[in-house]
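Nothing here was measured: the structure is a model prediction, and the numbers come from that model. Letters A, B, ... are given to chains in the order of the sequence lines, protein chains preceding strands, and every chain is numbered from 1.
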2 protein chains.
Amino acid sequence: MPTTADVDAGGGSFWLSWRLAVEANNVRAWRTVPSQCLHYLETYMVGGQYDKDLQFTVDQIWSYAHEIFVSGDGMDAWILDVDDTCISNVFYYKGKRYGCDPYDPAGFKAWALMGGCPAIPSVRELFRKLIESGFKVFLVTGRDDEIFRQATADNLHTQGFIGYQRLIMKPASYKGKGAVSYKSEVRKQLMGEGYRIWGNVGDQWSDLQGECVGNRTFKIPNPMYFVP
Amino acid sequence: MPTTADVDAGGGSFWLSWRLAVEANNVRAWRTVPSQCLHYLETYMVGGQYDKDLQFTVDQIWSYAHEIFVSGDGMDAWILDVDDTCISNVFYYKGKRYGCDPYDPAGFKAWALMGGCPAIPSVRELFRKLIESGFKVFLVTGRDDEIFRQATADNLHTQGFIGYQRLIMKPASYKGKGAVSYKSEVRKQLMGEGYRIWGNVGDQWSDLQGECVGNRTFKIPNPMYFVP
């Protein structure tokens, strides 16, 4: 039984091992966070360390991005994932014990259709700086195009994600296919159009693997769920 | 200034962010661990959590490996890195403030030539189980072939790494080239010989990237140094 002090200090050796292994892509196809992690996971998500890890990652991204020479041809691109990269589902997942409960497609659909996901502030700041620097930013999401386009576009706009090049959503033809093949195809098409993908940012390893992954990839922390 | 309680609890939010980012491959080409991490890093390396993270990773590897059907043709292969994957340099790095001091090629050479690196017990156990299961295990290291072959082979033997298929060391022709291109070439040759690379295990992302990386890759924790 963890003590309050353990929880406050972000302790819990199993939780630490588990989280590290998830972020290093050593654990795959997991369906739920092990229940014994719940107290530590909650403390991590709402107690400040998750926000610090996000900020640290964004700082790394920017230290790479700001040294890139952006040419005048408008073909220097970045790819950002949407869910839990640009906008946050942490409030929704709180009701799912932060991922200790299994994925609930109907519940998530209702949540996403409300269009109320708050921005992740550090990533929104990065997004703005990338656009200011002359990059074309593509938002690429596994959300179904037909069902979620309006709600997602509105949600992003409300949360200050304005000025991106394209919001690319999963078409019906890719239904049931994994994120790796869908997102690889999207990136291949962008490169076919002549875009140079300087960076690729996502909270899932399936955002960052496959083909044409980009010059650098960055894994945004997400201990709550796994997308194959 | 961290208190003893912070250190004992593995706290230190910057250290936690830094370590997570290193293991997720978000920080690259770093030369030293930031000095402010030293207390936390030392506690991590010798206080138990590093060993627990190693064991957790090895458990993930085995839960994947033991379900593979090993055919009778002797071509089912695993690749393991050597330094800080099979055998440990933690004792040496203790004298380098666990990586807060810069890399010292002469010092490391003298240490490696002594052949006294202890086994990482959890990985040695994995190594034995892989061989027992019928896999051919290839040890692939960036150590220079001419300088280190005898010391490395003796060190591995003394530490119980017995029965591997081949110890593949960096030939003079690859001197100065990065690990990604050298190790990619090795794996390509093995696949050319007909081996199926089921798994690839290393403490550096440069062990796990490039070509022919294997069916699954596993990142062994190492917060002490970065090999490009």
Side-chain angles (χ1 to χ4, degrees), chain A residues 2-30 34 40 43-44 47-64 122 199 201-205 208-209 213 215-223, chain B residues 2-30 34 40 43-44 47-64 122 199 201-205 208-209 213 215-223:
Chain A
T3 65
T4 311
D6 287 336
V7 173
D8 289 347
S13 67
F14 177 83
W15 151 249
L16 288 171
S17 291
W18 188 83
R19 184 164 72 88
L20 193 71
V22 162
E23 295 299 340
N25 203 21
N26 288 333
V27 199
R28 300 199 191 168
W30 49 279
Y40 302 110
T43 301
Y44 176 70
Q49 191 61 39
Y50 168 66
D51 294 327
K52 285 174 184 163
D53 290 348
L54 278 170
Q55 186 63 56
F56 189 95
T57 308
V58 166
D59 289 347
Q60 294 299 319
I61 299 172
W62 183 243
S63 80
Y64 159 70
S122 51
V201 182
D203 65 296
Q204 298 292 321
W205 279 100
L208 311 175
Q209 295 190 314
V213 293
N215 193 49
R216 279 279 302 261
T217 63
F218 294 92
K219 171 70 176 71
I220 295 280
N222 182 352
Chain B
T3 65
T4 310
D6 285 336
V7 174
D8 289 347
S13 69
F14 179 82
W15 151 250
L16 287 172
S17 290
W18 188 83
R19 182 165 72 89
L20 193 72
V22 163
E23 296 298 340
N25 203 21
N26 287 334
V27 199
R28 300 199 191 169
W30 49 278
Y40 302 110
T43 302
Y44 175 69
Q49 190 62 39
Y50 168 65
D51 294 326
K52 284 175 185 163
D53 289 350
L54 278 169
Q55 186 63 56
F56 189 95
T57 309
V58 166
D59 289 346
Q60 295 298 318
I61 298 172
W62 184 244
S63 80
Y64 159 69
S122 51
V201 182
D203 66 295
Q204 299 291 322
W205 279 99
L208 311 176
Q209 295 190 312
V213 293
N215 193 48
R216 277 280 301 261
T217 64
F218 293 93
K219 172 71 174 71
I220 295 281
N222 182 352

Side-chain heavy-atom pair [X], [Y] within 4.5 angstrom cut-off:
X: A:T57; Y: B:N26; value: yes
X: A:Y44; Y: A:P221; value: yes
X: A:D203; Y: A:E23; value: no

[X] portion near chain A, given a 4.5 angstrom heavy-atom threshold:
X: B:Y50; result: neither
X: B:S63; result: neither
X: B:W205; result: side chain

Centroid-centroid distance, A:F14 to A:Y40, less than 6.0 Å: no
Which of B:Q49, B:Q55, B:K52 touches chain A most, by non-hydrogen pairs under 4.5 Å: B:Q49
